[in-house]
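In what follows, a structure is listed as structure tokens, so that the remarks can point back to it.
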Protein chains: 2
Amino acid sequence: MKQQEVFKAMANPTRRAILKRLQGGPLTAGEIGEAFDITSASLSHHFAVLKHADLVRTERRGQHIVYSLNSTVFEDLARMLMDLFPANRRV
Amino acid sequence: MKQQEVFKAMANPTRRAILKRLQGGPLTAGEIGEAFDITSASLSHHFAVLKHADLVRTERRGQHIVYSLNSTVFEDLARMLMDLFPANRRV
DNA sequence: TAGATATTTAGATATGTTTCTAAGTATTAC
DNA sequence: GTAATACTTAGAAACATATCTAAATATCTA
């Protein structure tokens, strides 16, 4: 996990909202964008950050690009956080 | 949990290193600072961000200010992340 | 092939973050 | 009270991020 990239990606509210939208399953860039009052260019920038952090995966489907969550990175991140606080650490 | 503040705080590598140093137990600002090649003023700014996110607690001890981790926020954050990925969500 | 649709890339601007130096506040010790 | 130590606050400079418009790329359909 690229820790720095992941935390940087999560630090923006629009990006967290994008991830939330993807909870329900894969969506195209356009479908995700419907929920935001922002240009598709800006959205695209956010997608790039999320992808670089490996938080989402992409797949082209015709004209569309379909985004989906990459659950394993969330797991890694959650585990990392659990390890960070001393109380009931397992490692 | 102030989600935005917490993620913003975690997005900086120096701040994550500060948190890591505090794993071993409470430390004064000065003790924490020893590990970093940065002015105390800059450190102090980072402390303020961590405090604002409620990730650390402070207590004055004479001339010193003692910092310690606030575990509950880490728990909240870890839980939030677990909830964010759909696989084995409990809520 | 030309046009329409979906998305990304490039370049610019505004805003936010990190860091510094200098000055301020709080506490201890004389 | 004055000086020393520990830390924070203020203000400025450098750098990074978020957003926009305009242009580019990729795919589909006629």
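Below, chain A is the first sequence line, B the second, and so on; all start at residue 1.
Using the Watson-Crick or G-U wobble rule with both distances under 3.5 Å, D/dA30 pairs with C/dT1.
In this view, B/F47 and B/Y67 satisfy the ring-ring contact (aromatic ring centres under 6.0 Å, His included) rule, not counting sequence neighbours.
Contacts with DNA chain C (heavy atom under 4.0 Å) in residues 41-55 of chain B: B/A41, B/S42, B/H45, B/H46, listed by number. Residues from residues 59-66 of chain A with heavy atoms under 4.0 angstrom of DNA chain C, sorted by number: A/Q63, A/H64, A/I65. Near DNA chain D, defined here as any heavy-atom distance below 4.0 Å, the residues from residues 8-20 of chain A are A/K8, A/N12, A/R15, listed numerically.
Along DNA chain C, read 5' to 3', the first and last nucleotides having any atom under 4.0 Å from a heavy atom of chain B are C/dT17 to C/dT28. For DNA chain D, the span of nucleotides reached by chain B at under 4.0 Å from its heavy atoms goes, 5' to 3', from D/dT5 to D/dT9.
Using a 4.0 Å heavy-atom criterion, one finds that A/Y67 contacts the sugar-phosphate atoms exclusively.
A heavy-atom distance below 4.5 Å is found between the side chains of B/I18 and B/L43.
With B/K8 contributing its side chain and B/Q3 its backbone, the two residues share no donor-acceptor pair below 3.5 Å.
For the atom pair CZ of B/R79 and CG of A/L81, the computed distance is 12.0 Å after rounding to the nearest 0.5 Å.
At a threshold of 4.0 Å, the pair B/E59-B/R61 counts as salt-bridged, since one of the basic side-chain nitrogens sits closer than that to a carboxylate oxygen.
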